[in-house]
Every structure is written in C-alpha cells, then in structure tokens.
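Note that the coordinates shown come from a computational prediction; the quantities given were computed from them, not determined experimentally. Below, read A as the first sequence line, B as the second, and so on, with proteins coming before strands; counting in each chain starts at 1. No hydrogens, no waters, no symmetry mates; every other heavy atom, side chains included, goes into these values.
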Amino acid sequence: MTDNSQNSQASLAEIHYPFAEVESRWQQHWEEEQTFATPVAPGADKYYVLEMFPYPSGRLHMGHCRVYSIGDALARFLRMNGKKVLHPMGFDAFGLPAENAAILHKVHPSQWTERCIDDMKAQFKMMGFSLDWDREAVTCRPDYYHWNQWLFLKMMERGLVYKKAAAINWCVSCNTVLANEQVEQGACWRCKNPVEVKNLEQWFFKITDYAEQLLADLDKLNDWPESVKTMQRNWIGRSEGAVVRFKLLPKEFAPGMPVDDAQTSQLPDVEIFTTRPDTLFGVTFMVFAPEHPRVTELVEGTPRDAEVKAYVQKAKQEDRFLRTAADREKEGCFIGRYAVNPLNGDVVPIYIANFVLMEYGTGAIMAVPAHDQRDFEFATKYDIPVRMVIAPPDDADAIAGSDEARAQASAALKAAYVEPGVMVGSGAFNGRPSEEAKGAIAEYLEERGFGKRTIQFKLRDWLISRQRFWGTPIPIVYCPACGTVPVAESDLPIRLPENAVFSGSGNPLAAVDEFVNAKCPKCAGPARRETDTMDTFVDSSWYFLRYCDPHNTSLPFSRENGDAWMAVDQYIGGIEHAILHLLYARFFTKVLRDLGLVDCDEPFERLLAQGMVTNTFVDKATGQNAVDENGLLKYAKMSKSLGNGVDPIDIIKRYGADTARLFILFASPAEKELEWNENGVDGCSRFLNRVWRLALMLEPQVRKVLSTGENLSDGVSAGAADEATREMIFMTHRTLQRVAVEIGERHHFNTAIAAVMEFQNALYSYVTKSGEAADPKVTTFALRVLLLSLFPFAPHIASELWRVSGFTGRLDDQRYPAHNPSALVRSEVEVVLQVNGKIRSKIMVSAEATDEQLREAALADEKVQATLAGREPKKVIVVKGRLVNLVG
RNA sequence: GCCGGAGUGGCGGAAUGGCAGACGCAGAGGACUCAAAAUCCUCCGAGGUCACACUCGUGUGGGUUCGAAUCCCACCUCCGGCACCA
C-alpha cells in the first residue's frame with residue numbers, strides 16, 4: 001500500500017503514480033473477490049454486453065485491446081447504473097493456425113491451442129477487463145463442440161442439412177472448400193490465395209430457407225450501422241420477377257418453317273427467370289449458361305454439336321472469377337436451336353454465353369438487348385436484332401411513332417435503355433407505364449400457364465464441410481447397408497482423436513483408423529465415419545447462447561437461461577464480419593428459435609462496428625516512413641507484414657493498462673479508425689498522473705470531511721457563497737450528466753473522456769486558485785464524481801484513489817449518481833447578440849429574462865447600437881437564454 | 001458501374017439549425033532548476049493591428065433560413081463494400 005506521508009514530503013511535481021504495483025494489486029483483488037461474477041436472476045435489469053471472441057493466437061493485439069476496452073467501459077458503466085450485466089469471454093479456438101503449428105512443431109493442435117489460451121487469458125487480465133471467466137466458452141473443447149454436433153442433428157431432423165455434389169470453391173493453400181461468403185474477389189478470405197472451382201459432394205446448411213426472414217428482420221435492427229445492413233441486404237439479394245416458359249422448337253426447325261404446336265408441346269419447355277416481364281416483347285434471343293445440363297442434349301446430333309461442346313469446354317476451363325468479372329467481354333455461340341416467345345409467338349435463337357451464370361435463377365435468360373446492357377453488348381457483337389419496347393417517357397416520337405421509325409431508332413441505340421418508361425411495340429400493353437406493365441404481363445402469363453411470379457435470392461446455401469482436422473467432426477456415418485446415417489444423440493460428442501499424425505498432406509482425420517471405423521447406428525454393421533469437419537463459423541454462430549448457460553451438460557443451454565439473457569443488448573466487433581459471422585449468427589438464432597430452444601428472433605440488439613487500429617509504417621522501397629503526396633505520414637492497419645504493430649503488453653509495461661485503455665478510447669470515436677500515436681499515449685498518461693496528484697493533494701481535507709460521517713451533500717442545497725464554488729458545483733453536475741449521456745446513450749467514449757479531463761482541469765484550478773476559500777465538502781463531492789466518472793475507462797487508478805482518499809466501500813459497488821438538474825440552473829446566462837446573423841456582442845442577463853427584456857437589453861447594447869447606426873430593426877429573433885438576432 | 005460512409009486548425013478530433021475548433025497532441029514563450037527531465041503558468045485557424053477593431057474561414061458551387069459545419073440540390077475527392085445475379 002502506498003504510504004501517503006512519504007508523498008507529502010516529496011514535491012508533488014515529482015510524483016508519478018505506481019501503475020505497475022497498483023494495477024496488479026487490483027487485478028488480484030478482483031480475481032480473489034470474484035468481483036465480475038454474473039448476477040443471478042437478472043430480470044428486467046439484465047444487460048448483455050458482448051465483444052466478438054478472439055481466435056487464440058496467444059498474443060493480444062491492439063485491435064483486441066480496442067474492442068474489449070470499449071465493451072469493458074460499457075459493462076462497468078452499466079453496472080454502476082444498476083444493470084445486471086453479463087460480460088463473458090471465450091475463445092474461437094478451432095481453425096487452421098493450430099493445425100499448421102501441429103505440422104511445424106509436432107504438437108497436437110489441442111495442446112498448442114490450450115497453451116495459447118492460457119497466455120491470452122493472462123494478457124486479458126493485465127488489461128483489467130471486467131469479465132466473468134467462469135462462463136468461458138472454448139469452442140475446441142468437447143463440452144462445446146458436442147453441441148455443434150447436437151445442433152447439426154437437430155437441424156438435420158428439420159431438413160435444414162443436406163449433402164450434395166456442387167461446383168464449390170476450393171482453397172489450394174488451406175486445402176479445403178470454402179462457403180460463398182468466404183470468397184472475396186476470387187480469393188480465400190483467410191489466406192488471400194486464389195480459389196479454384198471443384199466439383200465435390202459436400203454438406204450444406206439450408207440458410208436459403210431463411211432468406212426472406214433474414215432480409216425482412218434487418219428492418220428491426222434500428223441500432224445497427226446502416227452500412228452493415230446494406231451489405232447484408234445486397235448479399236441476400238432479393239429480386240422479384242417471374243419464371244417464364246418458352247416452347248422449344250425441334251432440332252430440325254429452321255427460321256421460316258411453320259411452327260408445329262403439336263410437335264413443340266412434346267418437348268420440354270425452356271425456363272428462364274426475369275425481373276423485367278415488361279420487356280418480354282423485346283426478346284430477340286435466349287442464352288443458356290455454358291454449364292447448363294440441358295445444353296448437351298439440345299445440340300446432340302445437330303451440325304453444331306462439336307462447335308458448341310468446344311465452347312462449353314473452353315468456358316469451363318476459364319478461371320471462373322475472370323470469366324464472371326463485370327468487365328469481361330461478352331462472348332458465346334449459337335447452338336442451332338430456337339424457342340417461341342409465349343407472349344407474341346416470336347421465334348428466337350438460343351445461345352450459350354460466358355455472362356450467364358448457372359447458379360442464379362434457372363441458368364438461362366431471355367435476352368432483351370434494347371433494355372439490358374449485357375444483352376445489348378452481346379447482340380452488338382453477334383449482329384442480333386435490337387427491339388425497343390420501352391420508350392423514355394419524354395420521347396413523344398418513340399411513343400407515337402410507326403413500327404418502322406421504332407425499328408430505326410432501335411438500330412441506332414448506342415446503349416440499352418434500362419430506365420422505366422412507356423410501353424411500345426408491345427401489343428395490348430402499349431401506352432402503359434412499364435412499371436405497371438411488369439405486374440400486368442406477369443399476371444397475363446400466369447393466367448395462361450406460361451409463367452409464374454417468383455422471388456429469387458443471390459444468397460446460396462451455406463457449405464459447411466471442411467477437409468481439415470481441427471474442427472468439429474460432422475456426426476455422420478456411412479454404412480454400406482443403410483447409407484448415410486446420423487450418429488445417435490447418445491453417442492455424442494464424437495471426439496477428435498489424440499493420436500492423429502500431422503504430416504501436411506491430406507486430412508489427418510481420415511488416416512486415423514480408430515476414428516474412421518465405426519458401427520452403423522442403425523444396423524450395427526461396420527461403417528465409415530465422415531471425416532470432414534465443420535466450418536469454424538458454425539462455432540461462432542451460437543457461442544453467445546452458450547455463455548447464458550455455460551455448464552449445461554444436457555443441452556447447449558437451457559430455455560430458461562437463454563431467455564433470461566438474450567438478446568445480446570450490445571455487440572461489439574470488427575466490420576470485417578459484416579456479412580460472414582453476423583449473417584450466420586442471425587440464421588442460427590432463427591433456427592434455434594424454431595427448434596423451440598430460445599425465444600428470440602435476432603441475436604444482437606445493438607451493434608457497434610469498431611474501426612481498425614492503424615499506425616505509420618516504413619515504405620520498403622525508400623526505407624523511410626511512408627508519406628502521401630503532401631508529405632503527411634500515411635497510416636495503415638497494424639500488421640505483421642508491414643511491421644507496424646505495437647504490442648499492447650509493451651504499452652502496459654511502459655504506461656500501465658489504464659493509460660492504454662484511456663488512449664484507445666480517447667483518440668478516436670469507436671467506429672472510426674484509431675491512429676496509433678505515442679505522443680497521444682503520453683498525454684493520457686500525464687492526465688492520469690494529474691488525477692493522482694490532485695487526489696493526493698486533496699486527501700487530507702477529503703478524509704476530514706468524510707470522518708464527520710455527515711451525508712456527503714451534492715453541493716446544491718448548500719447554497720454556496722462565492723462564484724467559484726457555485727461554478728464548481730455546476731461543473732460537477734454537468735460532468736455527471738455529460739458522461740452519462742456520452743457513454744450510456746451515444747457510446748461516444750472520446751467525448752466522455754474529454755468531459756472528465758475538463759472536469760479534472762476545473763477541479764484543479766478551483767482548489768489551486770481558491771486556496772483556503774475552496775469548500776472542502778464541494779471538493780470532496782467533486783473528487784468522488786471525478787473517480788466515479790473515470791472508473792469505466794481507468795478502473796485501477798480510480799479504485800486505488802477511491803480507497804486512498806478514504807471513500808467507503810469498493811468503487812465496483814458504487815452507483816453512478818444522477819445529476820441534480822437544479823445544479824445546472826444558473827441565475828445569469830451569457831446571451832449572444834447578433835445583427836443580421838452576425839455576432840456583435842455578448843451580454844450577461846438573468847436566466848429568467850423575458851423575450852421583451854432580452855430585446856430591450858440587446859437594443860441597449862453599445863456595439864449593437866453602433867452596428868445598427870440608428871436603423872430600427874425590422875424583426876427580432878429571441879432564443880431564450882441563448883441569443884438575440886436583430887434583423888434590419 | 002452500383003450501394004454505403006466521410007471531407008472542419010500543423011495533427012487526432014468537438015460542435016447535428018443558434019458563440020466553429022471542446023478535449024488532447026504538436027509548437028512558441030515563461031516559471032522552477034547549476035542544467036536537464038518532470039511539473040506549473042501563458043499563447044496557439046488565417047489575414048490584419050503596437051493592441052483592439054475588423055475581415056475571411058468547416059471539400060466546391062448553388063439553395064432554404066433571421067441564422068447553416070449541421071437541412072436541400074449539383075459536383076469534386078477520399079475510404080469501405082459489392083460487382084455480368086438476368
């Protein structure tokens with residue numbers, strides 16, 4: 001414990017607070033006292049603060065420090081406001097790094113991971129985060145992944161799990177398949193290496209069953225950043241339109257020949273999806289995706305057979321991400337077959353082309369070159385007619401003109417007209433607005449059995465198989481007699497073997513005979529176990545629910561405990577998970593709700609997407625710090641490759657955890673980038689030292705005031721004598737109010753800290769300038785407020801000064817006081833005087849002054865009179881207590 | 001190309017219709033010291049002035065308003081996301 005008598009002998013200026021000793025002592029205290037244990041029976045006051053759990057790399061980095069500092073400030077503040085806070089932590093512990101380490105260091109991924117977790121937990125504790133470690137969830141432990149497997153089986157029962165062969169994304173470097181969401185610009189989200197297309201049989205979760213809900217419920221998420229919601233909307237990609245059936249003409253058909261209805265009705269129709277039924281009269285050709293399964297059958301035995309198959313081959317070989325890039329030139333070939341437009345009986349040729357995707361809609365399109373830019377480019381290249389059927393609303397000639405004139409206009413088009421307009425050349429629909437015709441034509445088709453209104457999504461099912469060891473084993477057995485059989489619930493968990501060999505080639509799981517050889521759950525005959533493991537995003541899709549009931553051995557969590565804490569009131573994490581994790585977690589929550597496990601539609605009520613931590617970096621070419629064209633230092637995300645990372649542990653050792661936390665929260669708003677700046681860190685350290693010295697300076701008088709045992713007044717009723725004291729009381733309550741609003745309502749930690757700093761400055765000048773005249777009761781209350789408002793950001797120093805100053809109880813148990821509104825009422829206020837909107841003067845007036853009095857006072861002001869120069873103002877605007885504007 | 005966000009001192013940033021630049025950093029001057037560090041005090045948008053006064057100033061141009069960093073329109077720049085989804 002610090003000996004204060006020693007301090008008083010040294011010059012105050014020499015004192016720097018002993019953060020290392022103070023911080024470790026409080027951390028130990030918190031652990032021993034289990035200060036952060038989650039309250040039981042939370043009821044209506046529950047508040048669930050959650051930060052995205054980390055991958056246990058073994059080293060805490062600055063990005064982690066930022067998320068957890070944000071969450072911790074909130075958690076501590078909410079506890080002070082009487083909330084029953086759940087603030088848990090765990091580890092997203094499956095994944096490739098541990099497996100790679102296993103290959104490199106010949107250590108089992110489990111040992112490696114557990115060691116990293118121990119290291120990271122120690123580092124977490126050094127930051128002083130108020131986490132309930134008793135609820136820790138570690139996804140790589142059987143007591144967690146047991147429930148991944150259980151949920152897999154439950155989802156299977158509901159038809160939400162299936163296995164199918166599909167063209168999938170294969171990451172060569174990670175040696176595994178990836179889900180659609182996990183491919184970014186043709187590259188693996190994790191290792192950034194290019195992704196290949198393979199055809200494999202894989203396990204999928206039927207997330208598309210929930211597409212409509214996942215989209216619609218985004219509207220409920222009022223406290224999510226607009227950008228994240230937009231990204232999810234785009235990813236789900238809902239389009240309304242119609243599936244339209246075109247009659248296929250026989251192989252022998254050639255243009256000019258009569259269409260034999262009896263013959264065509266024998267052939268299977270060609271189905272296309274369109275969002276533009278209004279352009280149906282403008283169809284001049286159709287296009288299939290090259291890999292469309294019907295293409296082979298359509299050309300079989302025709303003269304074009306070889307040519308078409310050669311093109312299909314070529315298209316299949318081309319890199320898929322190059323082929324489907326938006327700027328790729330459109331190309332394809334005619335397949336020699338024709339179809340009939342159901343609306344007008346037109347015969348149109350069928351092509352295959354690189355720009356049509358098999359995975360979307362029906363894998364075939366109707367092409368309307370006049371009104372779709374892609375179709376237009378293709379038609380131009382292959383000399384296919386362009387037929388305008390929608391005229392710009394202001395183009396009277398096109399609307400009223402003859403067919404010939406329109407044909408000429410069509411031929412002259414330089415680009416597709418994609419805007420809404422007026423229907424032309426469309427028979428009975430002519431003259432109607434195209435937006436209205438969309439529905440009318442779809443209805444017309446539906447009535448005659450030529451089509452059906454439908455909704456398409458871009459969202460695909462979630463591919464969850466991974467050909468890797470370090471993940472949750474998929475609880476499936478392949479039996480030669482019974483086929484694909486789910487493992488019995490009572491046999492869970494299917495554990496990862498301890499004796500796998502990590503050679504670096506192939507999935508080690510497949511090489512462990514004891515694992516692979518299984519008994520069929522149905523017939524008890526010999527069977528083979530599935531050796532694929534689950535995508536690690538499965539683990540993180542429901543961990544927030546496990547925290548609600550972490551020790552449950554019979555269920556992933558009980559309904560009672562889930563309902564007691566869910567939804568997460570405030571979720572905090574990086575924007576990089578805007579689609580991946582946040583979409584999967586929303587999907588899981590809805591599935592769990594439908595399984596009757598929890599009563600909650602959306603997992604995360606409020607979302608705070610925190611910005612990256614950046615730093616200056618050395619330009620490898622010049623060997624100097626990278627600068628922009630103006631010579632200003634450039635900042636980039638802290639990373640290994642740029643060598644610009646700052647180790648949080650190093651900062652803790654040099655400045656202490658409180659300084660690190662304070663700087664991280666002060667330097668920038670939470671959702672923006674944080675530019676690392678050593679000088680800024682220094683500034684925060686100086687501030688905490690000033691608080692320390694101020695508290696030591698006040699300690700004798702504070703102890704004296706506290707020793708009277710009187711109830712510490714909030715200063716208001718005291719009716720302070722002098723101006724400085726009244727101002728001090730005002731500042732104290734104003735700070736209480738500002739900090740509460742900034743943290744509690746706006747989550748603006750930077751301005752909350754600025755308010756605390758201002759308050760510290762004010763208290764310091766009050767006690768130094770007033771000297772003996774300073775009211776000890778007022779300073780005692782002010783110090784109390786200073787420590788309370790500092791506590792969420794810098795809990796160690798605040799706790800220590802609370803104790804040292806002689807305040808009773810633990811700071812952890814204190815309530816954050818409500819400000820007293822009457823303390824914020826001032827008898828005199830400064831009013832700004834404007835003439836024609838320009839500030840000319842400022843005057844002090846009674847806060848109660850009426851509009852008329854303010855007007856009089858303004859007109860009486862010398863400077864105002866000088867500016868008006870005798871003119872009479874035409875109009876006077878009075879904003880009570882703030883300003884008077886004289887217009888004249 | 002489409003969608004989303006942002007442009008404010010030397011720097012990070014405050015102010016969401018009413019005093020632009022809170023708070024912090026950097027910088028300048030001073031006090032303490034033999035000196036330095038630490039600490040404390042003062043100044044710190046630009047022009048202008050001995051000092052005031054005054055003028056200009058929130059990416060650019062227009063608009064609404066008594067009054068605009070803030071609201072509306074157009075444009076420019078930067079950041080992020082998506083990208084032939086029919």
Hey, what are the protein-to-nucleotides 52-57 of chain B N/O distances that come in under 3.5 Å?
unit_1: B/C56; atom_1: OP2; unit_2: A/K838; atom_2: NZ; d: 3.3

Interface polar pairs with nucleotides 65-69 of chain B, N/O, under 3.5 angstrom:
unit_1: B/C66; atom_1: OP1; unit_2: A/K875; atom_2: NZ; d: 3.2
unit_1: B/C66; atom_1: O2'; unit_2: A/N885; atom_2: ND2; d: 3.3
unit_1: B/C66; atom_1: O2; unit_2: A/N885; atom_2: ND2; d: 2.4

Nucleotides 70-75 of chain B: which of its N/O atoms have a protein N/O under 3.5 Å away?
none

If you restrict it to nitrogen or oxygen atoms, what contacts under 3.5 Å exist between nucleotides 6-12 of chain B and the protein, and what is each distance?
unit_1: B/G12; atom_1: O2'; unit_2: A/A667; atom_2: O; d: 2.6

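Nucleotides B/C41 and B/C25 are separated by 13 Å at their P atoms, to the nearest Å. Rounded to whole Å, the C1' atom of B/A6 lies 40 Å from the corresponding atom of B/U39. Using P as the reference atom, B/A20 and B/A68 are 11 Å apart when rounded to the nearest Å. Spacing of C1' atoms, B/U8 relative to B/U70, comes out at 12 Å, to the nearest Å. B/C56 and B/G9 have their C1' atoms separated by 14 Å, given to the nearest Å. Taking atom P in both B/G62 and B/G57, one finds a spacing of 12 Å when rounded to whole Å. To the nearest whole angstrom, the two C1' atoms, one in B/C40 and one in B/U49, are 32 Å apart. Nucleotides B/C3 and B/U55, compared at atom C1', are 43 Å apart to the nearest Å.
Between A/R233 and the phosphate of B/C2, there is no side-chain N or O to OP1/OP2 separation shorter than 4.0 Å. The side chain of A/S239 places an N or O atom within less than 4.0 Å of a non-bridging phosphate oxygen (OP1 or OP2) of B/A86. For A/R686 and B/C25, the shortest distance from a side-chain N or O to OP1 or OP2 is below 4.0 Å.
When each of B/A86, B/C23, B/G18 is scored by its nearest atom to the side-chain atoms of A/E758, the top-ranked nucleotide is B/C23. Ranking B/C84, B/A86, B/A15 by closeness to the A/R328 side chain, first place goes to B/C84. For A/I365, taking side-chain heavy atoms from C-beta onward, the closest of the listed nucleotides B/A86, B/G13, B/C3 is B/A86. The side chain of A/W235 sits closest to B/C82 out of B/C82, B/C3, B/G18. Nearest nucleotide to the side chain of A/A754, out of B/U16, B/A22, B/G24: B/A22. Of all nucleotides listed (B/U39, B/C41, B/C3), B/U39 comes nearest to the side chain of A/R693. Checked against B/G13, B/C23, B/C84, the side chain of A/N750 finds its nearest nucleotide in B/G13.
A salt bridge does not link A/D861 to A/K863: none of the charged nitrogens lies less than 4.0 Å from a carboxylate oxygen. We find that A/K438 and A/E240 are not joined by a salt bridge, their nearest charged nitrogen and carboxylate oxygen being 4.0 Å or further apart. Taking 4.0 Å as the cut-off between side-chain N and carboxylate O, A/R233 and A/E226 count as a salt-bridged pair. Ion pair A/E673/A/K637 not flagged as a salt bridge, since none of the NZ, NE, NH1 or NH2 atoms sits closer than 4.0 Å to an Asp/Glu carboxylate oxygen. A/E331 has a carboxylate O that lies under 4.0 Å from a charged side-chain N of A/K314, or vice versa, which qualifies the two as a salt bridge. Salt bridge A/E329/A/K381: present, at least one basic N to carboxylate O contact under 4.0 Å. Between A/R738 and A/E742, none of the side-chain N atoms (NZ, or NE/NH1/NH2) sits under 4.0 Å from a carboxylate O, so this pair counts as no salt bridge.
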Derivation and outcome, salt bridge (charged side-chain N to carboxylate O under 4.0 Å, His left out), residues A/K842 and A/E830:
CA-CA 7 Å; A/K842 292 169 191 179; A/E830 192 183 57; 5.0 Å; no

Assess whether salt bridge (charged side-chain N to carboxylate O under 4.0 Å, His left out) is satisfied between A/E678 and A/R654, documenting all intermediate values.
CA-CA 11 Å; A/E678 210 77 22; A/R654 282 162 59 203; 2.9 Å; yes

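Looking only at side-chain heavy atoms (C-beta outward), A/L790 and A/F687 come within less than 4.5 Å of each other. For the pair A/F246/A/D269, no side-chain contact is recorded, criterion being any heavy-atom separation below 4.5 Å from C-beta on. With contacts defined as side-chain heavy-atom distances shorter than 4.5 Å, the pair A/F355/A/D375 qualifies. Within the 4.5 Å cutoff, the side chain of A/H292 has heavy atoms near those of the A/V295 side chain. In this structure the side chain of A/I350 never reaches within 4.5 angstrom of the side chain of A/V348, judged on heavy atoms.
Using a 4.0 Å cut-off on heavy atoms, the residues of residues 269-280 of chain A that approach RNA chain B are A/F273, A/T274, A/T275, listed by number.
Between the side chain of A/N644 and the backbone N or O of A/A636, at least one donor-acceptor pair lies under 3.5 Å.
A/E181 and A/Y584 share a side-chain donor-acceptor pair at under 3.5 Å.
Geometrically, A/R826 engages A/F730 in a cation-pi contact defined by less than 6.0 Å to the ring centre and at most 45° from the axis.
Residue-level contact check: A/Q456 touches neither bases nor backbone, having no heavy atom under 4.0 Å from any strand. Residue A/P669 is in sugar-phosphate contact alone, with no base atom involved, counting any heavy-atom pair closer than 4.0 Å across all strands shown. Using a 4.0 Å heavy-atom distance criterion, A/Y764 is classed as a sugar-phosphate-only contact.
Here B/G17 presents its P atom at 10 Å from CZ of A/R882, a figure rounded to the nearest Å. Here the C1' atom of nucleotide B/A37 and the CG atom of A/D682 are 13 Å apart, to the nearest Å. Note: CG (A/L662) to C1' (B/C25) measures 14 Å, nearest angstrom. One interatomic measurement links the two molecules: CG of A/L583 to P of B/C82, which rounds to 13 Å at whole-angstrom precision. Remark: P of B/U39 and CG of A/N689 are 7 Å apart, rounded to the nearest angstrom. Between the CZ atom of A/R734 and the P atom of B/C23 there is a distance of 13 Å, given to the nearest Å. Atom CG of A/L215 is separated from atom P of B/C3 by 17 Å (rounded to the nearest Å).
Between A/R238 and A/I575, it is A/I575 whose nearest contact on RNA chain B lies nearer the 5' terminus. Of the residues near RNA chain B, A/E329 and A/R690, the one whose nearest nucleotide (by heavy atom distance) lies more toward the 5' end is A/R690.
Here A/F285 and A/F378 bring their ring centres to under 6.0 angstrom of each other. Aromatic rings of A/W676 and A/F663 (six-membered ring for Trp) have centroids within the 6.0 Å cut-off, being under it.
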5'-to-3' dot-bracket of RNA chain B (Watson-Crick, G-U; under 3.5 angstrom; crossing pairs as [ ]; | other strand)
(((((((..(((.....[....))).(((((.......))))).(((......)))..(((((..]....))))))))))))....

